[in-house]
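Note that the coordinates shown come from a computational prediction; the quantities given were computed from them, not determined experimentally. Residues: numbered from 1 along the sequence shown.
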Amino acid sequence: METRHAYDEWASTYDSDRNRTRDLDEVVTREILGELHFKSILEIGCGTGKNTLLFAQIGEQVKALDFSEEMIAQARRKSSAHNVEFIVADITQRWPVDDASIDLISCNLVLEHIEDLSHIFAQAARVLTNNGQFFISELHPFRQYQGTVATFIWEDESIKIPAFVHHISDFLNAAVANGLVLAQLNEWWHSEDEGKPPRLVTFMFAKSK
């Protein structure tokens, strides 16, 4: 199933399905960003808005992008925040955001579905202000090496969403090539992951002047 169609179909049950990766991402994002404040935030791949509520609290203005109209519809139903603008957009194209206008970009559980990281980092560098930050939270490649991919049930069938493996070095090299500097890298386990490889990897990059 094509990725956009898959997320459209998953949208109605995404929040209620058991998903340890999704739940850990929400916890980790709040832990890292919850005490910070930003004038402008760009959320890449907002999905059903599980992190958008946080961004509305810590950001003065939030643009939340996703390519799935059904996911965006779910997010809109949750949010009454006046400072959030939801936009249907394909992040493999030029982002609908002005140059040097964003203080924080957050990209959560999205890049496994994107083949070309260089485009993502180039767009991030374009829209970030000087000293702006780019936060990424992704399924750890160690999990991908074991065959883990985003999966949901549709019409009693288990649907695996197409994914690309990106090594840690791929993220770091794409950042360097676009003038972004690594400020922080962390690995994360769910409470049920004892004895297993890390479930998530997070990066914080900063745009150098």
Side-chain angles (χ1 to χ4, degrees), residues 1-98 101-114 120 123 127 134-139 149-163 190 199-200 202:
M1 183 181 292
E2 184 258 348
T3 303
R4 189 196 310 264
H5 183 202
Y7 274 101
D8 280 342
E9 295 295 343
W10 196 5
S12 63
T13 62
Y14 183 84
D15 291 333
S16 58
D17 287 350
R18 177 167 169 76
N19 188 327
R20 290 182 291 270
T21 302
R22 174 204 62 206
D23 296 344
L24 179 60
D25 173 75
E26 184 174 3
V27 170
V28 164
T29 300
R30 183 170 291 275
E31 179 174 331
I32 293 176
L33 301 176
E35 300 301 318
L36 304 178
H37 179 80
F38 302 92
K39 183 177 180 180
S40 55
I41 297 176
L42 176 64
E43 183 181 10
I44 298 297
C46 66
T48 61
K50 69 177 174 61
N51 292 321
T52 311
L53 299 176
L54 168 64
F55 298 141
Q57 296 167 4
I58 66 172
E60 295 178 23
Q61 296 294 326
V62 179
K63 292 181 182 292
L65 276 55
D66 203 284
F67 74 159
S68 166
E69 293 187 9
E70 293 302 321
M71 284 281 187
I72 286 272
Q74 293 290 334
R76 285 195 175 109
R77 292 188 187 101
K78 288 182 188 177
S79 176
S80 59
H82 69 280
N83 60 335
V84 176
E85 178 185 6
F86 291 103
I87 303 170
V88 177
D90 181 352
I91 64 168
T92 66
Q93 306 299 315
R94 182 181 173 88
W95 299 354
V97 180
D98 292 338
S101 63
I102 300 295
D103 297 314
L104 172 72
I105 301 169
S106 185
C107 187
N108 299 64
L109 306 180
V110 171
L111 298 184
E112 66 181 289
H113 304 304
I114 302 296
I120 301 300
Q123 287 295 298
V127 306
F134 185 17
F135 173 69
I136 296 173
S137 173
E138 279 296 316
L139 180 68
V149 296
T151 305
F152 71 104
I153 302 300
W154 182 67
E155 295 183 348
D156 297 324
E157 182 181 355
S158 181
I159 303 297
K160 293 185 176 182
I161 302 178
H190 189 276
R199 182 175 293 271
L200 293 179
T202 61

With a 4.5 Å heavy-atom cut-off, do F55 and V84 have their side chains touching?
-> no
Shortest non-hydrogen contact between I114 and I120, atoms and distance | CG2-CG1, 3.8 Å
Would D90 and T92 satisfy side-chain hydrogen bond (donor to acceptor under 3.5 Å, both in side chains), going step by step from the backbone distance to the final call?
-> CA-CA 5 Å; D90 181 352; T92 66; 2.7 Å; yes
Rounded to the nearest 0.5 Å, what separation is found between the CD atom of Q74 and the CD1 atom of I72?
-> 11.0 Å
State, to 0.1 Å, how close C46 and D66 come at their nearest heavy-atom pair, and which atoms those are.
-> N-OD2, 3.4 Å
Provide the closest heavy-atom pair for N83 versus G59 in the form atom of the first, atom of the second, distance.
-> ND2-O, 2.9 Å
Rounded distance [0.5 Å steps], OG1 in T29 versus CG in L24 | 9.0 Å
Hey, what do you get for CD1 (I41) to CG (L54), rounding to the nearest 0.5 Å?
-> 7.5 Å
N51 and S106: side-chain hydrogen bond (donor to acceptor under 3.5 Å, both in side chains), yes or no, with the steps?
-> CA-CA 9 Å; N51 292 321; S106 185; 5.8 Å; no
How long is the gap from NZ on K50 to CE on M71, to the nearest 0.5 Å?
-> 10.5 Å
D98 side-chain N/O to S101 backbone N/O, donor-acceptor pair under 3.5 Å | no
Side chain E112, main chain E138, donor-acceptor under 3.5 Å = no
Correct closest heavy-atom pair for A75 and G47 would be CB-O, 3.5 Å
Under 3.5 Å, is there a donor-acceptor pair between the side chain of R76 and the main chain of F86?
-> yes
Salt bridge between K39 and E60, side-chain N to carboxylate O under 4.0 Å?
-> no
Search all heavy atoms of T52 against all heavy atoms of A64 and return the closest pair with its distance.
-> CG2-CB, 4.4 Å
With distance as the sole test, does K63 use its side chain to make a donor-acceptor pair with the main-chain N or O of I87 at under 3.5 Å?
-> no
Can you see which heavy atom on V28 is nearest to which on L200, and at what distance?
-> CG2-CD1, 4.5 Å
N108 side chain near F135 side chain, heavy-atom distance below 4.5 Å | yes
Looking at CD1 of I91 and CG of L65, how far apart are the two atoms once the value is rounded to the nearest 0.5 Å?
-> 8.0 Å
dist I44:CD1 -> W95:CH2 (nearest 0.5 Å) comes out at 4.0 Å
